[in-house]
Amino acid sequence: MQPQIIPRAHNKPLTGVYLCFSRIIIIYGEELARFKPHTYTRIFICSDIFALVLQAAGGAITDTADSGSSLQQTGINIMIAGLAFQVVSLTIYIVLCADFAWRVRKARRSSRETLRQVGSIAAAVITIYVRSIFRVAELQGGFNSSLANDQVTFMILEGAMVSIASLALTIMHPGPIFRDFWKLAYARARLSGRTSPDGVPLEIKVEPKGVAA
């Protein structure tokens, strides 16, 4: 029986990560980022969709092709291309996040609540990054390779990684932390000074909730 390879649900945690990062940029200061907040979101969500389409197309070709045929290998190669593209995209994202974190550190802007959210985002990104690298290595040898048939490794580097990413974003849910700051326009209107969602001033404390900005 031919294995069926389909894209996993790891794209959902990543979408949440991209959205959270754009809000964190607004909270700490758009002037510290290389690009506008929405630019990060659009670029990386689009890249994730593109990677997903490649994986889905490759999986469909592989599933319908005869086992061991050149068409099946073509499908596998397309899937590998999708996963490799995602690894490259995540690498760029991690570099940009690290660059922004360094700029925030130099500006001496910090908040306990947002730092916790950043920690959950980092955990989600790292685990999905590990998972994506594993998938590329797994498919490099084809369906009959020892790595592709190692269930213990699969459960650790596939299932566990995605579960950790989902749990990190569930336990440290962005809703209670970002609150009204989740709406980009509202956040920009209130941030005439700079404050975190939990009220800790980063530069100048804004008006309390319910008071006009």
Grab the two heavy atoms, one from A123 and one from A168, that are nearest each other, plus how far apart they are. CB-CB, 4.1 Å

Spatial distance of atom CG (D63) from atom CD1 (I61) [nearest 0.5 Å]: 11.0 Å

Over all heavy atoms of both residues, which pair between F100 and G29 is shortest? Give the atoms and the distance, please. CE1-O, 3.8 Å

Apply side-chain contact (heavy atoms from CB on, under 4.5 Å) to V95 and list each qualifying residue two or more places apart in sequence or on a separate chain. none

Test side chain to side chain contact (heavy atoms under 4.5 Å, CB included) applied to R135 and F154, step by step: CA-CA 9 Å; R135 294 289 287 161; F154 177 83; 4.3 Å; yes

At their closest point, which heavy atom of L83 faces which heavy atom of V136, and how far apart are they? CB-CG2, 3.5 Å

Please determine whether residues F35 and V17 belong to a single hydrophobic cluster, defined as Ile, Leu, Val, Met, Phe, Trp and Tyr linked transitively by side-chain heavy-atom distances below 4.5 Å. yes

Nearest 0.5 angstrom please: S163 OG to M155 CE, how far? 8.0 Å

Ignoring hydrogens, what is the shortest heavy-atom contact between C20 and I121? Give both atom names and the distance. CB-CD1, 3.4 Å

Could you pull out the closest heavy-atom pair between S132 and L90, with the gap in Å? OG-CD1, 4.1 Å

Would you confirm whether E30, through its side chain, and I26, through its main-chain N or O, come within 3.5 Å as a donor-acceptor pair? no

Could you give me the CA-CA distance, side-chain angles and deciding distance for E138 and E158, then say whether side chain to side chain contact (heavy atoms under 4.5 Å, CB included) is met? CA-CA 11 Å; E138 178 190 32; E158 168 75 23; 5.6 Å; no

Tightest non-hydrogen contact, residues I76 and T62, listed as N-OG1, 3.3 Å

Rounded to the nearest 0.5 Å, the CD1 atom of I156 sits from the CG atom of D150 at a distance of 8.5 Å

With sequence neighbours left out, the residues meeting side-chain contact (heavy atoms from CB on, under 4.5 Å) with F44 are Y18, Y40, S47, S89, I92, Y93, L96

Give the intermediate values and the outcome of side chain to side chain contact (heavy atoms under 4.5 Å, CB included) for residues C97 and V125. CA-CA 10 Å; C97 286; V125 171; over 6 Å; no

Among side-chain atoms of Q72 and D66, is any donor-acceptor pair under 3.5 angstrom? no

State the CG-CG distance between N77 and L54, to the nearest 0.5 angstrom. 12.0 Å

From R34 CZ over to I25 CD1, what is the distance, rounded to the nearest 0.5 angstrom? 12.0 Å

Between the CD1 atom in I164 and the CD1 atom in I126, the distance rounded to the nearest 0.5 Å is 11.0 Å

Side-chain donor or acceptor of S22 paired with backbone N/O of L19 under 3.5 Å: yes

Are F134 and T153 close enough, and set up right, to give a side chain to side chain contact (heavy atoms under 4.5 Å, CB included), and what steps lead you there? CA-CA 9 Å; F134 163 70; T153 303; 3.7 Å; yes

Transitively linked via ILVMFWY side-chain contacts under 4.5 Å: I94 with I24? yes

Heavy-atom side-chain contact between M161 and I128 under 4.5 Å: no

